[in-house]
Amino acid sequence: MSEALKGDYQICEEIGRGRFGTVFRCFSPSSGDFYACKSIDKRLLSDAIDRECLEKEAKLMQAVSGNPNVLQIYEVYEDEDSLHMVLELCSSPDLFDRISKRVFSETEAAAVMSALMEAVAHCHRRGVAHRDIKPDNVLFDDRNRLKLADFGSADFFGDGRPLRGIVGTPYYVAPEVIAGRDYNEKVDVWSAGVILYIMLAGIPPFYGDSAAEIFEAVLRGNLRFPTRLFHSISPTAKDLIRRMLCKDVSRRFSAEQVLRHPWITSGGTVESPIDLP
Ligand SMILES: Nc1ncnc2c1ncn2[C@@H]1O[C@H](COP(=O)(O)OP(=O)(O)OP(=O)(O)O)[C@@H](O)[C@H]1O
């Protein structure tokens with residue numbers, strides 16, 4: 001543990017573990033607040049790509065800081081062996097835990113989707129694509145405010161620079177990523193669309209028994225709304241899902257367009273687009 005970090009924070013118990021890092025709760029005597037400290041042992045990063053991703057993660061988080069729905073980074077400490085990021089603490093169950101327990105009502109799902117898309121739209125305005133939007137990366141603080149986290153797969157885009165590389169998580173990854181083509185920030189809208197579908201239906205829209213089978217299902221992109229799961233879901237919610245899970249990227253909604261959709265602006269209460277006030 002870096003001496004400079006220990007000088008500024010009291011490190012408390014471990015609260016999580018990822019591939020490269022361990023997350024601790026920590027306390028700042030100067031502010032009187034608790035934070036999360038994500039510590040990465042650089043010696044565990046065997047290849048240059050992993051090392052580059054790590055260095056980039058802190059930079060990307062700094063680039064998107066300042067939005068209430070994006071996990072805030074406060075401090076970075078680096079020494080020869082490790083890198084520590086002091087982050088906003090999220091002590092409530094994450095979205096993965098929540099969707100594993102039950103399906104959401106339309107109003108609950110709209111509240112989550114609205115906050116998530118505020119975060120995504122903010123990142124896109126700052127020229128950052130998250131590229132790994134999934135329920136495990138959607139955290140909640142102790143006041144239940146949504147925080148988009150884990151920028152370990154994110155990248156900068158813009159100035160005509162396309163995004164490349166297969167990143168993401170099978171159920172949530174957009175078809176153009178799997179196809180190996182250049183892509184843009186709308187891959188995040190696709191992933192958020194998968195989350196919306198799961199919140200309302202309890203199962204993913206494209207599935208299979210292995211990563212390869214899931215990829216094939218995503219590439220086919222055959223979006224269905226089985227009656228047994230969707231009989232009580234409004235046409236407006238389905239309309240938004242169709243616009244987010246649209247294979248044609250040029251027709252797929254942007255994050256800003258999602259935020260303006262009637263289902264979002266009405267908080268999930270508009271039954272059909274023509275019911276609009
Ligand atoms: N700011 C935070 N507040 C509370 N818990 C957190 C915070 N950030 C991460 N965690 C928890 O710590 C665990 C590890 O997080 P971390 O970001 O290191 O890895 P990961 O995203 O789970 O996996 P990987 O980096 O391997 O893809 C996760 O379970 C996560 O829920």
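As the structure lists them, so they are numbered: ligands from 1, and atoms in each ligand from 1. Each residue takes its place number in the sequence, starting with 1.
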Name each donor-acceptor pair under 3.5 Å that joins a side chain in residues 134-142 to protein atoms two or more places apart or in another chain, with its distance.
unit_1, atom_1, unit_2, atom_2, d
K134, NZ, T169, OG1, 3.3
N137, ND2, D132, O, 2.9
D141, OD1, R143, N, 2.9
D141, OD1, N144, N, 3.1
D141, OD1, R145, N, 2.9
D141, OD2, R145, NE, 3.0
D141, OD2, R145, NH2, 2.9

Sequence-distant partners of I214, side chain to side chain contact (heavy atoms under 4.5 Å, CB included), two or more places apart:
P170, Y171, V218
Give the C-alpha distance, both sets of side-chain angles, the deciding distance and a yes or no for side chain to side chain donor-acceptor pair (under 3.5 Å) between H122 and N69.
CA-CA 9 Å; H122 170 80; N69 294 121; over 6 Å; no
N222: partners by side chain to side chain contact (heavy atoms under 4.5 Å, CB included), with sequence neighbours left out
R224
In this structure, is the centre-to-centre distance between the rings of Y183 and W190 below 6.0 Å?
no
Salt-bridge criterion met for R243 and D239 (N-O under 4.0 Å):
yes
Atom pairs and distances, ligand 1 N/O vs protein N/O under 3.5 Å:
unit_1, atom_1, unit_2, atom_2, d
ligand 1, 1 (N), E88, O, 2.8
ligand 1, 3 (N), C90, N, 3.0
ligand 1, 17 (O), K38, NZ, 2.8
ligand 1, 21 (O), D150, OD2, 2.7
ligand 1, 26 (O), R19, N, 2.6
ligand 1, 26 (O), R19, NE, 3.1
ligand 1, 27 (O), R19, NH2, 3.4

